[in-house]
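Everything on this sheet refers to the single structure shown next.
FYI, side chains are in, hydrogens and waters are out, and symmetry mates aren't considered; it's all heavy atoms of this structure. Letters A, B, ... are given to chains in the order of the sequence lines, protein chains preceding strands, and every chain is numbered from 1.
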Amino acid sequence: MSGVRLLVGTRKGAFILTSDHEREKWEVSGPHFPGWEIYHVNGSPANPDRLWASASGGWFGQVIHRSDDGGKSWDQVDHDFVYQPPVGDHLWYDGTSRPWEFKRIWHIEPSRTDPDVVYAGAEDAALYKSTDGGQKWVELAGLRTHASAPKWQPGAGGMCLHTIILDPVNPDRIFVAISAAGAFRSDDGGVSWLPINKGLVSDGIADQDAEVGHCVHRLAQHPSRPDTLFMQKHWDVMRTDDAGANWREVSGDLPTDFGFPIAVHAHEPETIYVVPITSDSLHYVMDGKLRVYRSRTGGDSWEPLTNGLPQEHVYVNVLRDAMAVDTLDECGIYFGTSGGQVYGSSDSGDSWRALVRDLPPVLSVEVQVLP
Amino acid sequence: MIRVILPPHLRTLAKVEREVSVSVSSPVTQRSVLDAVEKEYPMLLGTMRDRRTGKRRPLVRFFACEEDLSNESPDADLPERVVKGEEPFMVVGAMAGG
């Protein structure tokens, strides 16, 4: 099938939106896995019809589904996520130590080149890898057993590994981010890890030079500049140009720099997008207006994008995994809200429209361009 | 055959209707019934009880013959009417929410 496919995870199931390359008319299918919390649905770059879905819930735990026909049918694969011994302890909210306890998979990141290789980020924070199409998951335990791990502490949403970036140039390099431990980099395929949080400033921790403890909400990278990463932190939008060795703030003239998602334009590596929300205690957009902010200068200078977005009585949030960009010549931008709307732009953010409304709260959005 | 009623989410996973039947040799207990269900429907492993400890998931309940057996020993005999197939063993998602 030629076209564009949006993969939407919600609190009560998954939805798949499809369109041709004009992106004018969208068909909606779903809910898939009705009633399950779908933290993430993602597709394999190596085989776009291979999709992965993370389904979880308080009653029956975590399962993983795989489709090999673009979401028409699904089969369950392995969901036995085991921490490699020794399990160890991390800090709890009250400062006591508590053993790692698996809760769910937040993010699934398929290999860029091998459809049978896929990574999964867990709460409590850990990174898993399957090399056989999901038949077995093995923890890359070097991350969770890093010397700093006993000092990791959950954020309000749990101690989740929510971002996985597989470097497009160096196959041994992986970036991950954990709330509220920070960002980490591996240069040996996930065996060993380096905290990369120098330059982050967080009011919530006493030692501003601490190597961990920062609440990183999301990382984004443009494939043509793999050493440049953009970060939406709890507060602050940041960038690094040396693969995380040093970060600097680029919040600039944003009206608020608290938010969750951040994305990079598919063809302009210095064009980035965020959706600021009011504050850490008010998790909704400012002034009742839904505004995406775009910087064409890699940060510091930002412009609000409002054309087609509601500008009154809006009190929604956009979560960290709920924004995606497509790779068509005129770059498409998509995001889903806690109010169940999925918005799309087919002109780099100049204009927007709701592609579907009134879904359950949106947890994640991914997009695939099908040849 | 032991009749087992699964909750909707698990029926979806197992791709079955409301009730399934499994063969269980004596003794018929929570453990032996769930062992048989998981053997027949391995996709349900870990969804009703912990894979390694066998402990019931916190928001899963086991009912039979209008009794809540959730906190009974997993090795206790199930009621005779369940053993005879006259009544189902029910796996239930706990009432929880707000």
Side-chain angles (χ1 to χ4, degrees), chain A residues 10-15 30-39 52-67 71-87 99-105 120 122-124 128 133-139 360-361, chain B residues 3-20 22 30-31 33-64 68-72 74 88-98:
Chain A
T10 80
R11 286 271 178 220
K12 293 295 177 184
F15 297 82
H32 304 271
F33 327 113
W36 289 82
E37 289 187 283
I38 308 298
Y39 268 61
W52 303 88
S54 170
S56 61
W59 284 264
F60 306 110
Q62 173 75 54
V63 293
I64 302 287
H65 298 273
R66 192 185 84 192
S67 173
K72 294 183 184 69
S73 65
W74 296 84
D75 287 308
Q76 203 175 311
V77 293
D78 184 41
H79 55 264
D80 192 17
F81 293 95
V82 179
Y83 295 119
Q84 298 291 324
V87 173
W100 251 258
E101 181 182 5
F102 179 86
K103 297 183 179 65
R104 61 174 57 81
I105 294 297
E123 176 191 356
D124 287 338
Y128 291 88
Q135 299 310 310
K136 182 172 177 58
W137 297 92
V138 175
E139 186 194 7
Chain B
R3 297 163 54 200
V4 179
I5 290 180
L6 296 171
H9 282 39
L10 300 191
R11 289 176 222 159
T12 306
L13 290 186
K15 299 178 180 174
V16 297
E17 299 300 319
R18 181 168 183 264
E19 184 173 309
V20 299
V22 290
Q30 280 184 30
R31 191 189 307 278
V33 169
L34 293 174
D35 284 347
V37 170
E38 289 171 348
K39 184 176 180 185
E40 183 74 20
Y41 305 101
M43 66 286 285
L44 300 184
L45 276 165
T47 63
M48 298 177 286
R49 54 182 182 165
D50 185 275
R51 284 195 195 211
R52 286 168 184 81
T53 67
K55 189 176 175 184
R56 172 176 57 81
R57 288 186 59 81
L59 295 180
V60 172
R61 299 285 182 267
F62 303 129
F63 297 167
D68 184 350
L69 307 177
S70 306
N71 295 317
E72 299 294 318
F89 178 77
M90 301 173 70
V91 179
V92 179
M95 191 161 48

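- Using a 4.5 Å cut-off on side-chain heavy atoms (C-beta onward), Thr12(B) and Phe33(A) make no contact.
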Next item on the list: Go through the steps for Arg51(B) and Val82(A) under the test side-chain contact (heavy atoms from CB on, under 4.5 Å), then give the verdict.
Entry: CA-CA 10 Å; Arg51(B) 284 195 195 211; Val82(A) 179; over 6 Å; no
Next item on the list: Give the intermediate values and the outcome of side-chain contact (heavy atoms from CB on, under 4.5 Å) for residues Lys15(B) and Gln76(A).
Entry: CA-CA 11 Å; Lys15(B) 299 178 180 174; Gln76(A) 203 175 311; over 6 Å; no
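- If you measure heavy-atom distances from Leu13(B) to chain A, the contacts under 4.5 Å come from both the backbone and the side chain.
- Neither the backbone nor the side chain of Val77(A) comes within less than 4.5 Å of any heavy atom of chain B.
- Contact annotation for Pro8(B): neither backbone nor side-chain heavy atoms come within less than 4.5 Å of a heavy atom of chain A.
- Atom NZ of Lys103(A) is surrounded by more than 12 heavy atoms from other residues, nucleotides or ligands within 6.0 Å.
- For Arg49(B), no part sits under 4.5 Å from any heavy atom of chain A, backbone or side chain.
- Heavy atoms of Asp78(A) lying under 4.5 Å from chain B belong exclusively to its side chain.
- Residue contact with chain A, scored on non-hydrogen atoms closer than 4.5 Å, involves the backbone and the side chain of Met43(B) alike.
- Counting only distance, with no hydrogens or angles, the side chain of His79(A) and the backbone of Leu45(B) share a donor-acceptor pair below 3.5 Å.
- A distance of 6.0 Å or more separates the ring centres of His9(B) and Trp59(A).
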